[in-house]
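Okay, structure first, notes after.
Given the structure is predicted, the values throughout are model-derived calculations rather than measurements. We number each residue from 1, following the sequence as shown. Note: hydrogens, waters and symmetry copies are ignored here, and every other heavy atom, side chains too, is used.
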Amino acid sequence: MAEASIIDKQYTEGLQYKKQMGYLTKWAEAERFKAGDQWAKPTEKTKNLPRPVLNIIKQIENHKTSSVMNENIKMIFSASEVADEDSPEFETADLYTRYADTTWEEVKQQELNEEALECASNVGTGIWHYYYDATKSGGNKLKYQGKICGEIIDPVSYFPGNPQNRNVQQQPYNIITYRDLVSTVREEAKNNGVSPEFVSMIKGDSDTQDQAYDLAKKELNQSDKVTVLVKYWKENGTVHFTKVASGMVIKQKTNTRLKLYPLIVMQWERRKQSIFGKGDTEELIPNQKSLNFIIAMQILSSQLTGFPKVIVDKSQVQHQITNTPGEVINVNSQNGNVGNAVQYMNPANIAASSFNLVDSLLSKTKEIAGANESALGEQAGGQLNASAIMMLQKAASVPLESIKRRFYQAMEDVGNVWADMWRVYYNTDRLVTVKTNEGKLESRVFNGERNKDIDMTLKVDIGASSSYSETLMMTSLDKLFDMQQITLEQYLQYAPNNVIPFKDRLLKSIQQQQEEQAQQQVMMEEQQMKEQEMANQQQQEEQMMMEQQAKEDEKANQPHLFDQILAQLPKHEQEAFRKLTPREQNAIMNQLMSETAPQE
């Protein structure tokens, strides 16, 4: 109870500091104005006053939030002093980089960023909080227990030990609060080993006035919830935490073994010597009130001009006048003059300059807030190409660059907190799903504790993802495809998914078509080779037949040649020749024929 008393005292001091600075009042008013609750409650005298709301605060802040989130963010880990791509340190850094993309999806980081930036643009400060939920389990081949989760903490619920220091990691302690059901808190205390006697001392409270926001102050049952305090602090280089509710410790001092506070704080606009920033709403509220009031007066003037008040002489008009068209009004005139019996009042005309004032005030407010026509895309873009529109928007977004840099630094801090939690809590092998360079999914074994001694550095890589960037990307792809510098398959591979959402099926269909065409080409080549072989074989057969025919012709002519040669010999040689065997005769004849051939 002594430890809980100290934490309660630190919480009370932090709450008193916020009240002295006027944060609770300012933040509540900022939330109301962005939500459209921009008029005071009507009184008897003002109940008929028009109450228009031209919510430029919501338009400007939503635009600036979307602009800050408009870039693709990739966390790239690298091992310090390692240049060899085949080293284990390089492979570990590559796995961390790929698993960061998976964790981004698992914790719904995009939704967390949107919520944090909306809060920051409204009240000035966005706070991310990450914790390890040991109740979550998963895995098929390798079972695991526990997973990293994230949430957004409202500045109302955040109490730093030194609010003049913007560096969260240098805080002596950080306290975050939340309201929870008494039954849930008692169950948690019981599971954490708190004795039943102390568990029964956890009571509900009605401390809702310190929640600042209108909706947070109203609960279903004022005694059914209790405020829970979670305190983080560092001892001997590691982060410890404890939980307190109703002046009782419901979670004993626990060493998380983390080196970093699992909290990231971003200021929308910095204030000197303050961890809490300044949002856009505070400056926009006076302009918003003026716009609403001028438009209300214009509407009121139109109402009084179109439906003016009626003056009725009760001495001449005896019955109640209504707005029924064609109504007959009975007048009892004593002097015969009924012109003054019923008449309309002529209201004063509103100044014509008020209409110009609305436009001027509206445009100036947007321009100063960094959300002019170019930034909002309200210019006639039909005559401008994608590059021109993108350049106009880039020039208009210059005032947001400092906010973007603070957001990117916050994302770098988020990545470092993740890596710290991986080393501590992911201490068993688990199969995680990551994306390859080709965009395909694969499973890899991840164990953060095994790599806890590897010194990692983190860099946040920013890539364009706006609609105009996609238009510019598609324009470049179209040019390359028209110039036949890339194939259809490459064109689809690099096209954005939201431009061609069915590109995977289309790529698969094209690949199947290409495979079929390749098979057909192979079959055609084989058929041509067979036909060529048959033609060559037929040509060889014809050549052989011609050679055979020539030999036969030569044989047929050989006896005639023998007789001619034999007739040229003397008679004694002819007789001697006839006595030889046929082989000897052929040999001699062939020799004689070869000798006489050149002469012929």
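- A search for salt bridge (charged side-chain N to carboxylate O under 4.0 Å, His left out) contacts involving E13 returns K9, not counting sequence neighbours.
- Contact check on D94 versus R444 returns a salt bridge, with a Lys/Arg side-chain nitrogen under 4.0 Å from an Asp/Glu carboxylate oxygen.
- A salt bridge does not link E118 to K34: none of the charged nitrogens lies less than 4.0 Å from a carboxylate oxygen.
- Looking at E282 and K26, a side-chain N of the basic residue comes within less than 4.0 Å of a carboxylate O on the acidic one, giving a salt bridge.
- Between F481 and Y491, the angle of the ring planes lies from 30° to 60°, which puts this pair in the tilted group.
- Formation of a donor-acceptor pair under 3.5 Å by the K18 side chain with backbone atoms of F159 is not found in this model.
- Residues K136 and Q145 have side chains that never bring a donor and an acceptor to within less than 3.5 angstrom of each other.
- Crowding of K278 atom NZ: a count of heavy atoms from other residues, nucleotides or ligands under 6.0 Å exceeding 12.
- If you look at Y99 and W104, their ring centroids are not closer than 6.0 Å.
- Within 6.0 Å of NZ in K364 there are 12 or fewer heavy atoms belonging to other residues, nucleotides or ligands.
- The environment of CG in N167 is crowded: more than 12 heavy-atom neighbours from other residues, nucleotides or ligands sit within 6.0 Å.
- Taking the centre of each ring, Y23 and F276 come in below the 6.0 Å mark.
- Rounding to the nearest 0.5 Å places CG of D280 at 6.0 Å from CD1 of I403.
- Ring geometry, W418 versus Y130: the interplanar angle exceeds 60°, so the pair is classed perpendicular (tilted spans 30 to 60°).
- Residue K259 qualifies as open at atom NZ: its count of foreign heavy atoms under 6.0 Å is 12 or below.
- Heavy atoms from other residues, nucleotides or ligands lying under 6.0 Å from CZ of F293 number 12 at most.
- Between atom NZ of residue K143 and atom CG of residue L431 there is a gap of 11.5 Å, rounded to the nearest 0.5 Å.
- Of the N and O atoms on the side chains of N122 and E31, not one donor lies less than 3.5 Å from an acceptor on the other residue.
- Residues passing the salt bridge (charged side-chain N to carboxylate O under 4.0 Å, His left out) test with D37: none are found, sequence neighbours excluded.
- Within a 6.0 Å sphere centred on CG of L441, heavy atoms belonging to other residues, nucleotides or ligands number more than 12.
- The aromatic ring centroids of W422 and Y96 lie less than 6.0 Å from each other.
- Cation-pi geometry between R406 and Y408 is not met: the NZ or CZ atom fails to fall both under 6.0 Å from the ring centre and inside 45° of the normal.
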